[in-house]
Structure formats: C-alpha cells, structure tokens
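Keep in mind that this is a model prediction, so the values were computed, not measured. For the single chain, residues carry numbers from 1 onward in sequence order.
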Amino acid sequence: MSSLTRSSQDAVIAGVCSGIAHYFSIPNYVVRLIFFCGGLEWLYLILALTLPWDNENFLN
C-alpha cells in the first residue's frame, strides 16, 4: 500500500499536487486546478510543510 508523499519527480512548486495525483492515479493538472482555482492555497501550504518527500535522498 502506498502512502501519501510529495513527489520529487514532477514537482512544480513543492510536489504536493503531483504526489496527490500519483496517490489517487489521476492527472496532475486536475489536482492543480482543484487547489488553485478552488481557493485551497492554505491547504496546499499546510501539506507542503507536513508531507514527507517520496525520496529521502532528494534533498541531499
């Protein structure tokens, strides 16, 4: 079972949207539209600060 993480592969800003898209197997642009056209920037910021990266060596 996969866990919800930020994606280091196709991240644009912080990898939150691409991580969620990968977790639910939906296109990245759908999640980005929901977040930024739906006024959920505050939720994006919270997730960017709390979700771990999918690759531990990404920042090293």
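A continuous path of Ile, Leu, Val, Met, Phe, Trp and Tyr side chains, each step under 4.5 Å between heavy atoms, connects Y29 with I13, placing both in one hydrophobic cluster.
With a 4.5 Å cut-off on side-chain heavy atoms, R32 and C17 count as touching. Here the side chains of V16 and L47 are in contact, with some heavy-atom distance below 4.5 Å.
In this structure, D54 contributes its side chain and S8 its backbone to a donor-acceptor pair below 3.5 Å. With hydrogens and angles disregarded, a donor-acceptor distance shorter than 3.5 Å links the side chain of R6 to the backbone of A48.
Residue A11 comes nearest to S7 through the heavy atom pair CB-O, 3.2 Å, listed as atom of the first residue, atom of the second, then distance.
Residues satisfying the side chain to side chain donor-acceptor pair (under 3.5 Å) criterion with S18, sequence neighbours excluded, are D10.
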Can you give each donor-acceptor pair under 3.5 Å made by side-chain atoms of residues 33-46, sequence neighbours left out, with the distance rounded to 0.1 Å?
unit_1, atom_1, unit_2, atom_2, d
Y44, OH, A14, N, 3.1

